There are 2 protein chains.
Amino acid sequence: MEPDADADIDHGAPLPPYRQLAGILVARIRRGDWQPNRAIPSESQLVQQYGLARATVRRAIAVLVDQDVLFVVPQRGTFVKPEGQHPSMPDA
Amino acid sequence: MEPDADADIDHGAPLPPYRQLAGILVARIRRGDWQPNRAIPSESQLVQQYGLARATVRRAIAVLVDQDVLFVVPQRGTFVKPEGQHPSMPDA
DNA sequence: TTTCATTTGTACGTATGTATT
DNA sequence: TAATACATACGTACAAATGAA
């Protein structure tokens, strides 16, 4: 079961909002909402879309950057890292 | 030149406070203020000692956890990781 | 060249939750 | 029961760099 790309945040769930958002973003990337090397919405836009504080959005992004799913270019945006979703996958 | 273990934070310096604190903590560990597997001061204590916000202290700690200098045990404390300071040092 | 909006970086303070002691 | 310590989240503010007008 993967996170629903259209799901919104449930502040009552055991999984904290920042992890929920990370899962949602991954689902949306896999779904094709944003292509490799293309920018995802800005932090401000994600704040508005998901009703979270910016710190929470940034934390979700940090998780995915750490997992090589996204990469950030200061003052430019946050982008989908090409071939970065699978830490150990020879070449499909 | 290593960071002075007794230095305090300079909010005017180009290096942001969270990085300054990370450097200070590393210096204090190398100096022997805290031994391996021993807890460093709590976040609240560091907040008071260095006049920083807790979020900033946590960020400095996160940097050192990422560098394997510290490890955190929830609700217990933050500890000095043994042999974790040198990412590539055979055995001195 | 200058101005302005956008975007990420950093920091502050506060509140609540959870687990341990 | 109460105190301690980390986890998470909120909102706000300002800085710096980019890019467009």
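In the text below, chain A, chain B and the rest are named by the order of the sequence lines, each starting its count at 1. Quick caveat, the model's predicted, so the values are computed rather than measured. Hydrogens, waters and symmetry mates play no part in the numbers below; they use all other heavy atoms, side chains included.
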Rounded to whole angstrom units, what separation is found between the [atom1] atom of [X] and the [atom2] atom of [N]?
X	N	atom1	atom2	answer
B/Ile9	C/dT10	CD1	P	14 Å
B/Gln20	C/dT10	CD	C1'	12 Å
A/Asp10	D/dT8	CG	P	16 Å
A/Ile61	C/dG9	CD1	C1'	12 Å
A/Phe71	C/dG9	CZ	P	13 Å
A/Phe79	C/dT7	CZ	P	11 Å
A/Leu21	D/dC10	CG	P	10 Å

Rounded to the nearest 0.5 Å, what separation is found between the OG1 atom of A/Thr78 and the CD1 atom of A/Ile40?
5.0 Å
Nearest 0.5 Å, what's the CG-CD distance between A/Asp33 and A/Gln35?
9.0 Å
Is [X] near enough to [N] that one of its side-chain N or O atoms lies under 4.0 angstrom from OP1 or OP2?
X	N	value
A/Arg58	C/dT8	no
A/His11	D/dC10	yes
B/Thr56	C/dT10	no

Heavy-atom contacts, protein to nucleotides 13-21 of chain D, under 4.0 Å, summarised as B (base), S (sugar-phosphate only) or - (none) per nt, yield B--BBSS--
Strictly by ring-ring contact (aromatic ring centres under 6.0 Å, His included), give each pair with a member in residues 22-47 of chain A just once, sequence neighbours left out.
none
For B/Val73 and A/Leu15, take the nucleotide of DNA chain D holding the closest heavy atom to each; which residue's nucleotide lies nearer the 5' end?
B/Val73
Counting only heavy atoms and a strict 4.0 angstrom limit, can you tell me which residues of residues 37-48 of chain B come near DNA chain D?
B/Ser42, B/Glu43
Output all residues satisfying salt bridge (Lys or Arg N to Asp or Glu O under 4.0 Å) with B/Arg19, sequence neighbours left out; order by chain, then residue number.
none
Quick check: closest heavy atoms across A/Ala22 and A/Val63, and the distance to 0.1 Å?
CB-CG1, 4.4 Å
For B/Arg59, all residues meeting side chain to side chain donor-acceptor pair (under 3.5 Å), sequence neighbours excluded:
none
So, A/Gln45 side chain and A/Ser42 main chain: donor-acceptor pair closer than 3.5 Å or not?
yes
For the pair B/Gln20 (side chain) and B/Asp10 (backbone), establish whether a donor and an acceptor sit closer than 3.5 Å, ignoring hydrogens and angles.
yes
Testing C/dG13, C/dT10, C/dG9 for proximity to the side chain of A/Val72, the answer is C/dG9
Apart from A/Phe71 itself, residues in the same hydrophobic cluster as defined by side-chain heavy atoms under 4.5 Å
A/Val73, A/Phe79
